[in-house]
Chemist: 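Input: one structure, supplied below.
Just so you know, residue 1 is the first one in the sequence shown, and it goes up from there. Keep in mind it's a predicted model, so treat the numbers as computed, not measured.
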Amino acid sequence: MSDFKYPKAEKLKKDTEITLLFAKGKWRSCGNLRIIILKNHPDLQNENVKLGVSVSKRYFKKAVYRNRVKRLLRECYRLNKDLFKASFGDKTIAMMFWVSNELPKKFQDVEAEFIKLCQSQKKS
């Protein structure tokens, strides 16, 4: 049975981890979804996956829309955590971005892109 929680321990918040992620991480894209990943790095002390979500002000001027997209991305991760861990590994830090000025119509659209991104990572 899967654990459908998104606890504080899994949230990417530390400035040092975020700068390390942007300095040494690898970018992957799939449709409107981009992700930067850093796995099994010696400077990481975390035992589990840490994930952050970001949406650009350039694409969504109003905070209401940015927050909606961020909620959808977090929910996608929360429900498909097992697939994410299988694709990217356990000791991973990552940050997801929505790179389109189009607000997703349904949660299923975002989830489909997230699953496609995870499956493309498995193949490579």
Chemist: Could you tell me which residues satisfy ring pair (Phe, Tyr, Trp, His ring centres under 6.0 Å) with Phe107, sequence neighbours excluded, listed by chain and number?
Modeler: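 Ring pair (Phe, Tyr, Trp, His ring centres under 6.0 Å) list for Phe107, sorted by chain: empty.
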Chemist: Ser87: what forms a side-chain contact (heavy atoms from CB on, under 4.5 Å) with it, not counting sequence neighbours?
Modeler: Leu83, Cys118, Gln121, Lys122
Chemist: Surrounding NZ of Lys70 (heavy atoms of other residues, nucleotides or ligands, distance under 6.0 Å), is the total greater than 12?
Modeler: yes
Chemist: If you measure from NZ on Lys39 to CD1 on Ile93, what distance do you get to the nearest 0.5 Å?
Modeler: 13.0 Å
Chemist: Grouping I, L, V, M, F, W and Y whenever their side-chain heavy atoms are under 4.5 Å apart, do Val53 and Trp27 come out in a common cluster?
Modeler: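 Looking at the clustering, Trp27 is in the same group as Val53.
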Chemist: Which residues pass the side-chain contact (heavy atoms from CB on, under 4.5 Å) test with Ala23, not counting sequence neighbours?
Modeler: none
Chemist: Tell me the side chain to side chain donor-acceptor pair (under 3.5 Å) pairs involving residues 103-118, sequence neighbours left out?
Modeler: Asn80-Glu111
Chemist: How close do Pro104 and Val69 get, heavy atom to heavy atom, and via which atoms?
Modeler: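 So the minimum-distance heavy-atom pair works out to CD-CG2, 3.9 Å.
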Chemist: Can you tell if the side chain of Phe114 reaches within under 4.5 Å of the side chain of Leu73, non-hydrogen atoms only?
Modeler: no
Chemist: In the structure I gave you, are the side-chain heavy atoms of Ser56 and Val99 within less than 4.5 Å of one another anywhere?
Modeler: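 Result no, sub-4.5 Å side-chain heavy-atom pair not found.
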Chemist: With hydrophobic residues grouped by side-chain heavy-atom distances under 4.5 Å, do Leu72 and Ile115 end up in a single group?
Modeler: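 No, because Leu72 and Ile115 fall into different hydrophobic clusters, even though each may have its own neighbours under 4.5 Å.
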Chemist: With sequence neighbours left out, write down each residue that passes ring pair (Phe, Tyr, Trp, His ring centres under 6.0 Å) with Tyr59, or none if nothing qualifies.
Modeler: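 Checked Tyr59 against ring pair (Phe, Tyr, Trp, His ring centres under 6.0 Å); zero matches.
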Chemist: Any chance you could lay out the side-chain contact (heavy atoms from CB on, under 4.5 Å) test for Leu103 and Phe60, step after step, and finish with the verdict?
Modeler: CA-CA 8 Å; Leu103 190 67; Phe60 299 104; 3.9 Å; yes
Chemist: Nearest 0.5 Å, please: how far is CG in Asp90 from NZ in Lys85?
Modeler: 6.0 Å
Chemist: Can you list everything that forms a side-chain hydrogen bond (donor to acceptor under 3.5 Å, both in side chains) with Arg66? Sequence neighbours excluded, please.
Modeler: none
Chemist: Check whether any side-chain heavy atom of Glu17 sits under 4.5 Å from a side-chain heavy atom of Lys50, and report yes or no.
Modeler: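 Side chain of Glu17 against side chain of Lys50, heavy atoms only: contact under 4.5 Å found.
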Chemist: Which residues pass the side-chain contact (heavy atoms from CB on, under 4.5 Å) test with Lys24, sequence neighbours left out?
Modeler: Leu20, Leu38, His41
Chemist: Rounded to the nearest 0.5 Å, what's the gap from CG on Leu117 to CZ on Arg28? Could you check?
Modeler: 9.0 Å
Chemist: Could you check whether atom NZ of Lys11 has more than 12 heavy atoms from other residues, nucleotides or ligands sitting under 6.0 Å from it?
Modeler: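 Buried by this count: over 12 neighbours within 6.0 Å.
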Chemist: Tell me every residue that passes side-chain hydrogen bond (donor to acceptor under 3.5 Å, both in side chains) with Glu10, counting only those two or more places apart in sequence or in another chain.
Modeler: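 Residues passing side-chain hydrogen bond (donor to acceptor under 3.5 Å, both in side chains) with Glu10: Tyr77, Lys81.
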Chemist: Check the pair Glu102 / Asn32 against side-chain contact (heavy atoms from CB on, under 4.5 Å), numbers first and verdict last.
Modeler: CA-CA 9 Å; Glu102 203 174 294; Asn32 295 328; 5.6 Å; no
Chemist: Taking all atoms of both residues into account, what is the closest heavy-atom pair of Trp98 and Leu33, and its distance?
Modeler: CE3-CD1, 4.1 Å
Chemist: How far apart are the closest heavy atoms of Tyr6 and Arg74, and which atoms are they?
Modeler: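 Taking every non-hydrogen atom into account, CE2-CD, 3.4 Å.
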Chemist: More than 12 heavy atoms of other residues, nucleotides or ligands under 6.0 Å from OH of Tyr65: yes or no?
Modeler: no
Chemist: Do Leu21 and Ile36 come close enough that some side-chain heavy atom pair is under 4.5 Å?
Modeler: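 SC-SC contact between Leu21 and Ile36 confirmed.
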Chemist: Can you name the residues that form a side-chain contact (heavy atoms from CB on, under 4.5 Å) with Ser54, not counting sequence neighbours?
Modeler: Met95, Phe97
Chemist: Might you point out which heavy atoms bring Gly52 and Leu12 nearest each other, and give the distance in Å?
Modeler: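 Between these two residues, the closest heavy atoms are N-CB, 3.6 Å.
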